[in-house]
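These numbers come from a predicted model, not from an experiment. Throughout, protein chains are lettered first and strands after them, A, B, ... in sequence-line order, and every chain is numbered starting at 1.
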Protein chains: 2
Amino acid sequence: MLHVVEKFERTRLSAADWEVGALDLIASQGVGAVAVEALARQLGVTKGSFYWHFPTREALLKAALERWERQDTDHVFGQVEPIADPRERLGELFRRSGREARSHVIYSALLQALDHPLVQPVMERVSQRRMDFLARAYRQIGMERRQALHRARLAYAAYVGFLQLTLQLGMPRLDHAEFDAYVEHVIATLIPA
Amino acid sequence: MLHVVEKFERTRLSAADWEVGALDLIASQGVGAVAVEALARQLGVTKGSFYWHFPTREALLKAALERWERQDTDHVFGQVEPIADPRERLGELFRRSGREARSHVIYSALLQALDHPLVQPVMERVSQRRMDFLARAYRQIGMERRQALHRARLAYAAYVGFLQLTLQLGMPRLDHAEFDAYVEHVIATLIPA
DNA sequence: ACCTCACCATACTCTTGCGTATGGTAGCAC
DNA sequence: GTGCTACCATACGCAAGAGTATGGTGAGGT
């Protein structure tokens with residue numbers, strides 16, 4: 001129940017500790033679970049501490065989202081960006097999308113909170129950036145501009161839907177081998193030879 | 001502000017009126033907006049009325065979800081089921097997916113509330129049913145069993161992601177013509193010749 | 001050794017939204 | 001026309017969670 005997360009029983013906390021704590025909560029239980037008293041309990045302090053670091057709950061959310069957006073950009077793209085062949089680059093990107101990466105889990109959780117005014121613009125930027133990345137790769141393959149945009153939109157929609165169906169709906173329950181087969185099918189279908 | 005929805009100024013309400021009112025709220029502002037006092041205000045009565053028809057808020061949600069699931073099944077499939085050619089059937093299904101159909105809007109809103117214990121099982125059933133429908137069509141086309149399942153999963157993920165991206169994120173803002181072009185691209189990509 | 005201030009606890013208030021208690025009214029049976 | 005009952009209003013209680021006020025404490029600089 002009360003599995004405390006604190007790294008090493010730090011005596012004092014910083015604003016950054018609250019931010020990563022908030023991101024932990026978002027990843028595990030969604031944005032709605034980010035309550036200051038619950039988070040304080042999880043960090044081993046009380047809300048008195050929180051309101052020294054942040055003026056309001058929204059401020060924490062804003063800071064946490066900025067932190068995530070910052071680290072997400074290079075975490076997802078940085079790994080595959082150097083791959084020269086665009087087909088190979090896209091394939092590797094698809095393969096990495098299901099590997100329970102923390103960034104994907106948080107992205108999926110934030111997808112569930114798109115009605116929140118602080119979340120929406122962040123997600124719009126991140127999603128647009130990722131789709132542009134896909135569109136560029138498809139253009140490099142040799143697709144016509146319009147086609148590349150459509151294919152990027154389709155591929156990204158498939159990614160978003162996949163996250164929703166597996167992480168949120170928890171529906172397919174496919175094992176490791178079956179998942180690999182699915183990803184290869186997606187690659188064969190969405191990346192032209 | 002207070003654009004009342006009531007059909008024709010009925011003097012008395014029935015449980016069904018509350019259910020469709022709840023579905024209206026879900027479609028326009030999500031599951032979280034289904035609050036009994038707000039809904040009562042919208043129907044021109046007070047909460048005193050509500051608790052005569054339903055023992056609790058959850059009961060209303062349950063009834064509304066059952067109503068939606070019932071009418072959704074034939075609303076989405078009923079229109080395309082009679083189409084004999086599986087390719088044609090799938091294409092028509094894809095084309096209908098973006099046409100702002102009420103059922104899709106509600107499905108998208110419920111997708112945002114998958115953490116709710118009442119919503120999850122309903123969505124699991126509906127989604128599974130729809131994916132089975134897709135898989136059957138792909139099999140009829142002549143795809144191998146395993147391939148058909150993967151393709152159905154991919155197509156449905158693309159559908160779910162599309163809803164999320166357009167209705168919730170409000171991101172692409174593509175006009176009518178551009179949307180049609182996108183759908184045709186999807187059909188060409190996901191339905192084998 | 002002590003002083004400071006960054007960090008934290010305790011004890012409130014306020015708002016929101018669910019649910020309850022109880023009494024009122026309108027339409028139908030007879 | 002009177003009474004029953006289905007529907008509704010008003011006025012509560014109650015819990016959760018955000019935010020405030022105020023006082024305490026311990027580690028680092030001097």
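Side-chain nitrogen and oxygen atoms of A:Thr56 include at least one within less than 4.0 Å of the OP1 or OP2 phosphate oxygen of D:dG19. The shortest distance between the side-chain N/O atoms of B:His53 and the OP1/OP2 oxygens of D:dA6 is not below 4.0 Å.
Following rounding to the nearest Å, A:Leu60 (CG) and D:dA18 (P) show an atom-to-atom distance of 10 Å. Counting to the nearest Å, the P atom of D:dG13 and the OH atom of B:Tyr51 are 17 Å from each other. The distance between atom CG of A:Leu61 and atom P of D:dG17, rounded to the nearest whole Å, is 15 Å. When the P atom of D:dG17 is taken as reference, atom CZ of A:Phe54 falls 20 Å away, rounded to whole Å. The distance between atom CZ of B:Arg57 and atom P of D:dA15, rounded to the nearest whole Å, is 19 Å. Atom CZ in A:Phe50 sits about 14 Å away from atom C1' in D:dT20, given to the nearest Å. Going from atom CD of B:Gln42 over to atom P of C:dG17 covers 14 Å, rounded to whole Å. Following rounding to the nearest Å, B:Arg41 (CZ) and D:dT10 (C1') show an atom-to-atom distance of 15 Å.
A tilted orientation is assigned to the rings of A:Phe77 and A:Phe133, their planes being inclined by 30° to 60°. Ring geometry for B:Tyr107 against B:Tyr156 counts as perpendicular: the plane angle is over 60°, on a 0 to 90° scale with 30° as the lower cut.
Comparing atom distances between the B:Thr46 side chain and each of D:dT10, D:dA18, C:dC18 picks out D:dT10 as nearest. Comparing D:dA9, C:dC8, D:dA18 by their nearest atom to the side chain of A:Val45 picks out C:dC8. Listed nucleotides C:dC18, C:dA9, D:dA9 differ in distance to B:Ser49; the shortest reach to its side chain belongs to D:dA9.
Heavy-atom nearest nucleotides on DNA chain C were determined for A:Lys47 and for A:Trp52, and the one closer to the 5' end corresponds to A:Trp52. When each of A:Val34 and A:Gly48 is assigned the nucleotide of DNA chain D with its nearest heavy atom, A:Val34 is the one assigned upstream, toward the 5' end.
For D:dA27, its base never sits under 3.5 Å from the side chain of A:Arg12 at any donor and acceptor pair.
Between the A:Arg96 side chain and the A:Val76 main chain, no donor and acceptor come within less than 3.5 Å of each other.
Note that CG of A:Leu118 and CG of A:Leu110 are 11.0 Å apart. Values are rounded to the nearest 0.5 Å.
The pair B:Arg130-B:Asp72 counts as a salt bridge, with a side-chain nitrogen and a carboxylate oxygen less than 4.0 angstrom apart.
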